[in-house]
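Protein chains get the first letters and strands the later ones, always in sequence-line order, with residue 1 at the start of each.
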There are 2 protein chains.
Amino acid sequence: MRQNPARRAALLDAAIEVLAREGARGLTFRAVDVEARVPNGTASNYFDNRDDLLTQVGHRFYERLEPDPGVMAAVLEGPRDRDRVTELMHDLVDRVSHFRSGYLALLELRLEATRRPELRRLLTERIRADVDANISHHVQAGLPGDATTVVLLYLALNWLILERLTLPDIFPEDQIHALVTDVVERILPGPRRAT
Amino acid sequence: MRQNPARRAALLDAAIEVLAREGARGLTFRAVDVEARVPNGTASNYFDNRDDLLTQVGHRFYERLEPDPGVMAAVLEGPRDRDRVTELMHDLVDRVSHFRSGYLALLELRLEATRRPELRRLLTERIRADVDANISHHVQAGLPGDATTVVLLYLALNWLILERLTLPDIFPEDQIHALVTDVVERILPGPRRAT
DNA sequence: GGCGTAGTACTCTGCCTGTAGTGGTTGAAC
DNA sequence: GTTCAACCACTACAGGCAGAGTACTACGCC
């Protein structure tokens with residue numbers, strides 16, 4: 001089992017791309033080797049088996065999603081009203097949508113988690129932490145809405161992104177934007193701008 | 001190319017089960033043969049190739065999801081207020097959740113649609129029709145809320161179901177129930193019971 | 001009796017895994 | 001500064017395995 005961390009990370013990033021592009025069906029050691037432009041058999045040297053690979057991909061995904069200090073700090077600026085939340089949600093949706101391969105890979109992992117207990121444990125832990133972090137961050141930033149608000153935004157926006165990335169013609173691009181605004185308006189009642 | 005419609009349907013139903021259980025990775029002609037308890041090579045005789053198989057699975061899925069007249073009629077009974085909507089949404093979530101293999105198979109198909117234009121066209125068409133039908137049905141039944149309401153319920157509840165089916169420990173079962181109520185309460189403002 | 005299909009059996013192919021072996025690089029010890 | 005050891009990249013290969021597809025036989029229905 002080789003140890004070179006940079007190479008391991010490169011292999012995992014390649015695996016994310018393969019997952020998104022070819023699906024779970026296409027995720028083989030060989031495909032990872034090719035995607036990472038690395039000699040055949042390299043992935044075999046870094047991962048015990050497919051299960052090991054998938055679990056490490058899960059870890060890697062969240063490693064790459066580590067909080068962006070800039071974005072976090074930006075939330076603390078500006079007003080704390082509903083229009084601000086709308087802005088933040090637009091940013092969020094756009095940011096996640098732009099990491100298309102990552103998002104699709106995560107969906108593949110979710111489906112794989114259905115049959116791999118260890119992967120399921122990992123994803124459950126990370127996603128729950130993510131939701132909790134969103135809630136406390138939202139509340140502590142003094143933004144309007146409670147924990148339930150944040151969870152409902154999480155639900156609706158996630159499916160909206162999924163729809164956008166898998167079947168983009170269901171909701172055309174301009175409608176997506178309007179829908180994000182609608183989501184916040186309906187889920188977060190109250191005045192638009194702080195009075 | 002064999003024609004027997006009953007056998008074809010049985011093969012497609014088997015394919016749905018395989019998709020849900022083994023994922024897109026496990027969906028091979030052989031696996032379908034085994035699942036349908038049919039001799040090896042049969043699926044080869046019924047489908048040109050993998051693409052053909054997947055597209056027909058998409059058709060079959062929606063064939064099986066044809067409107068349930070009983071459920072449709074039930075909506076027209078009882079009051080037309082928010083509590084009624086909450087009830088209906090609870091029923092909906094439970095009904096869809098119970099067709100676990102179908103829902104998971106559809107998710108697999110969505111991801112496959114990312115790389116198969118024909119499948120994407122098919123799913124786009126059927127899902128858009130589904131959303132539109134939900135909207136007109138809701139409005140014509142005189143239930144409170146407009147088209148946007150229905151779309152937002154669609155978004156939030158779909159992700160809730162996905163969460164429930166793929167990572168059940170994120171939101172424990174009792175919380176799911178409460179969340180459905182929350183979703184309706186927040187998205188559909190107004191009095192609980194008709195006055 | 002003929003058409004279509006179920007069922008059997010077999011081959012061919014291609015891909016994937018895992019590993020052995022070699023050469024090179026780096027880092028440490030002296 | 002030289003030597004040695006450890007690690008790793010890379011090549012090449014063997015073995016395996018499952019799946020696709022197809023001839024062929026048998027059977028039932030019209």
Side-chain angles (χ1 to χ4, degrees), chain A residues 1-60 105 108-109 111-112 114-116 118-119, chain B residues 1-60 105 108-109 111-112 114-116 118-119:
Chain A
M1 181 88 80
R2 308 293 159 82
Q3 298 304 335
N4 184 340
R7 194 158 246 246
R8 171 164 307 237
L11 287 170
L12 291 172
D13 287 342
I16 289 176
E17 294 304 315
V18 172
L19 262 184
R21 182 157 32 80
E22 318 273 350
R25 176 162 227 261
L27 187 72
T28 65
F29 284 6
R30 276 291 177 281
V32 172
D33 290 339
V34 172
E35 176 74 23
R37 305 192 185 218
V38 132
N40 277 0
T42 302
S44 285
N45 288 329
Y46 275 85
F47 309 100
D48 283 338
N49 48 49
R50 211 179 132 76
D51 211 283
D52 185 33
L53 172 61
L54 283 166
T55 311
Q56 292 202 34
V57 167
H59 272 114
R60 174 66 181 162
E108 298 277 0
L109 286 180
L111 290 173
E112 278 292 314
T114 284
R115 356 188 160 94
R116 295 175 191 274
E118 195 176 347
L119 185 57
Chain B
M1 180 86 82
R2 308 292 161 82
Q3 296 305 333
N4 185 339
R7 195 157 247 247
R8 163 154 307 184
L11 287 170
L12 290 171
D13 287 341
I16 290 176
E17 293 307 314
V18 172
L19 263 182
R21 180 157 32 81
E22 317 275 348
R25 175 163 228 258
L27 187 71
T28 64
F29 283 6
R30 257 325 133 69
V32 172
D33 290 338
V34 172
E35 176 74 23
R37 306 191 183 217
V38 132
N40 277 0
T42 302
S44 287
N45 288 328
Y46 276 84
F47 308 101
D48 283 338
N49 49 51
R50 211 179 132 77
D51 210 284
D52 185 33
L53 172 61
L54 284 165
T55 310
Q56 293 201 34
V57 167
H59 273 113
R60 174 65 181 162
E108 297 277 1
L109 285 181
L111 290 172
E112 278 291 315
T114 285
R115 346 176 173 105
R116 295 174 192 274
E118 196 176 347
L119 185 58

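Atoms OG1 and CZ, from B:Thr42 and B:Arg2 in turn, are 8.0 Å apart once rounded to the nearest 0.5 Å. Atoms CG and CD, on A:Asp51 and A:Gln56 in that order, are 11.0 Å from each other to the nearest 0.5 Å.
No donor-acceptor pair closer than 3.5 Å links the side chain of B:Arg25 to the backbone N or O of A:Glu112. Judged by distance alone, the side chain of B:Glu118 and the main-chain N or O of B:Arg116 form no donor-acceptor pair under 3.5 Å.
The side chain of A:Asn45 has C:dT19 as its nearest neighbour among D:dT22, C:dA6, C:dT19. For A:Phe29, counting side-chain heavy atoms from C-beta on, the closest listed nucleotide (D:dT22, C:dT17, D:dC8) is C:dT17.
Taking only side-chain nitrogens and oxygens, A:Thr28 comes nearer than 4.0 Å to OP1 or OP2 of C:dC16. Here B:Tyr46 does not reach the OP1 or OP2 of D:dA20: none of its side-chain N or O atoms lies under 4.0 Å away.
Below the 3.5 angstrom threshold, one finds a donor paired with an acceptor across the side chain of A:Arg30 and the base of C:dG18. Within 3.5 Å, no donor on the side chain of A:Arg7 pairs with an acceptor on the base of D:dA9, nor the reverse.
Residue-level contact check: B:Phe47 touches neither bases nor backbone, having no heavy atom under 4.0 Å from any strand. Looking at heavy-atom distances under 4.0 Å, B:Asn49 makes no contact with the nucleic acid at all.
Between B:Val38 and A:Arg2, the residue anchored closer to the 5' end of DNA chain C is B:Val38, taking for each the nucleotide with the nearest heavy atom.
Straight-line distance from the CG atom of A:Asp51 to the C1' atom of C:dT17: 16 Å, rounded to whole Å. Residue B:Gln3 contributes atom CD, which lies 17 Å from atom C1' of D:dC29 at whole-angstrom precision. Rounded to an integer number of Å, the gap from CG of A:Asp33 to P of C:dT17 is 9 Å. One can place CG of A:Asn40 at 14 Å from C1' of C:dG14, the figure rounded to the nearest angstrom.
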